[in-house]
Amino acid sequence: MPETTRESLATGGWKELEFGPFREGVTIHWIQPFENDQPGVALLKYEAGATVPRHRHMGLETIMVLQGTQSDEAGDYGPGCLVINRKDSEHSVWSDTGCVVLIQWDQPVKILQEEFA
């Protein structure tokens, strides 16, 4: 049996979940927080115009876009897109429209460039 389940995420089931602070303009719902050597799995909800500054992946990152459009320097990713970022890859992320993504990180990312207003 699975330890954790979330129902109907691809069809909007995430709308019923509680999200907490993550970064400015981005909230998080942890499905499986990082624990010991286990990957972290979460839903991220970006407000329109939200950004995550340039960062390095310390392990594999896998993203499934559930709603809206997430973007990085390589392109725009809409609902149903699967994005895989390899260990040691770098990019920044933003969403002009707002979006919700399911994400798994093997390890936390390292922020390389903080944005200051």
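Residues: numbered from 1 along the sequence shown.
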Under the criterion side chain to side chain contact (heavy atoms under 4.5 Å, CB included), I'd like the reasoning laid out for R23 against V93: C-alpha separation, chi angles, the key distance, then a yes or no. CA-CA 12 Å; R23 297 193 64 81; V93 177; over 6 Å; no
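Atom CG in L102 sits 7.5 Å away from atom CE in M64 (nearest 0.5 Å). From R6, atom CZ reaches atom CD of E16 across 13.0 Å, with rounding to the nearest 0.5 Å. Here the straight-line distance linking atom CD of Q70 with atom CG of D96 works out to 11.5 Å at 0.5 Å rounding.
In this structure, the side chains of L66 and L43 come closer than 4.5 Å at one or more pairs of heavy atoms. The side-chain heavy atoms of L17 and L9, taken from C-beta on, include a pair separated by under 4.5 Å. Counting only heavy atoms from C-beta outward, the side chains of I63 and L44 never approach each other to under 4.5 Å.
In this structure D106 satisfies the side chain to side chain donor-acceptor pair (under 3.5 Å) test with no other residue, sequence neighbours excluded. With sequence neighbours excluded, no residue forms a side chain to side chain donor-acceptor pair (under 3.5 Å) with T69. Take E73 and apply the side chain to side chain donor-acceptor pair (under 3.5 Å) test, not counting sequence neighbours, and it matches S92. Take W105 and apply the ring pair (Phe, Tyr, Trp, His ring centres under 6.0 Å) test, not counting sequence neighbours, and it matches W30, F34. Remark: F19 pairs with H29 by the ring pair (Phe, Tyr, Trp, His ring centres under 6.0 Å) rule, at least two apart or across chains.
By the rule that hydrophobic residues join a cluster once side-chain heavy atoms approach within less than 4.5 Å of another member, I84 and M58 end up as members of separate clusters. A continuous path of Ile, Leu, Val, Met, Phe, Trp and Tyr side chains, each step under 4.5 Å between heavy atoms, connects V101 with V109, placing both in one hydrophobic cluster. In this structure, I103 is a member of the same hydrophobic cluster as V65, with clusters built from ILVMFWY side-chain heavy atoms closer than 4.5 Å.
Every pair passing salt bridge (Lys or Arg N to Asp or Glu O under 4.0 Å) that includes a residue from residues 77-93 is listed here, sequence neighbours excluded: R54-E90, R56-E90. Sorted by first and then second residue, the salt bridge (Lys or Arg N to Asp or Glu O under 4.0 Å) pairs with a member in residues 39-49 form an empty list; sequence neighbours excluded. Residue pairs meeting the ring pair (Phe, Tyr, Trp, His ring centres under 6.0 Å) criterion with at least one partner in residues 54-88, sequence neighbours excluded, are H55-H57, H55-H91, H57-H91.
Heavy atoms only, all atoms of each residue included: G68 and P79 are closest at O-CD, 3.2 Å.
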